[in-house]
Amino acid sequence: MCFRFASRCVVRLAVLVFTLAASPSVFGQGAVSFNFDDGYCDSLIHAVWRLEKAGFRATFYPHTSEIGKFGHMTWQDLRTLAAKGHEVSPHTVNHLDLTTLPLTGMQAEIFGSRNEFISEKLRAYSFAYPEGEYNVAVVAELKRAAFLFARGADDYDLNSAATDRWALYSHSLVYNATIEIEEVKKNILRAKQENAWYIMVIHEIKPGPLDGSRPYTVTPEFLQTVINFLVQMHEIG
Ligand SMILES: [Zn+2]
């Protein structure tokens, strides 16, 4: 199943750009993934067409309680993304820190979001921990719910073949500081040179200038710069 999914969505590049669901086929190679957390409509407006124009596919992690609410994608939006080869996987129901919940509450967040995905005709491949928080009990429930991998947040490291698939590292991009662009480019180059896997996490995307009041926000131009850099790497091989 995953390999079939992978063949639809992996784009062969100097560095691969692929969804988390495709990772069994490329784990440990030079690779980059775009993740969009929390289901904002911003990604439909500013990101999806830019990525698709470059031939890239991404992973989207909405939490189900916000799906269809103001500023958030609908189930139909998510099905359309999946039909185009993007991955759409759960980020729980209510975006609560799973390590703070009693077992039944934690299970309800994991299985509840998975079951909603299934009833909405979406396959739940991977999982993103709200606030990046997890523990042994959370991972055990994810395995029981038949997820394949899970991603943390703000780890600022790259993944290797040895990385725990239930604790994938990622880099949450913040507002349009020049230094952040340079950091992203450096990590993409590292992914290529070290055969590592760099996962970028994007939340809101707003036209600038940004004032930093919502730090997990980038501009469309920021995203385009990252895409252009990846395309340029492809062209120079
Ligand atoms: Zn989130």
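Whatever order the structure lists ligands and atoms in, that order sets their numbers, starting from 1. Residue numbers run from 1 in the order of the sequence given. Predicted model only: the values in this text are computed from it and were never measured.
None of the N, O or S atoms belonging to H203 lies under 2.8 Å away from the Zn ion (ligand 1). Among the atoms of H91, an N, O or S atom is found under 2.8 Å from the Zn ion (ligand 1). Contact annotation: E131 places no N, O or S atom under 2.8 Å from the Zn ion (ligand 1).
A salt bridge is defined here as a Lys NZ or Arg NE, NH1 or NH2 lying under 4.0 Å from an Asp or Glu carboxylate O, and E87 with R57 fails to meet this definition.
Between F60 and L81 there is a side-chain heavy-atom pair separated by less than 4.5 Å. Within the 4.5 Å cutoff, the side chain of Y169 has no heavy atoms near those of the R151 side chain.
Looking at D38, its N, O or S atom nearest to the Zn ion (ligand 1) turns out to be OD1.
For CZ of R79, the number of neighbouring non-hydrogen atoms (other residues, nucleotides, ligands) closer than 6.0 Å is greater than 12.
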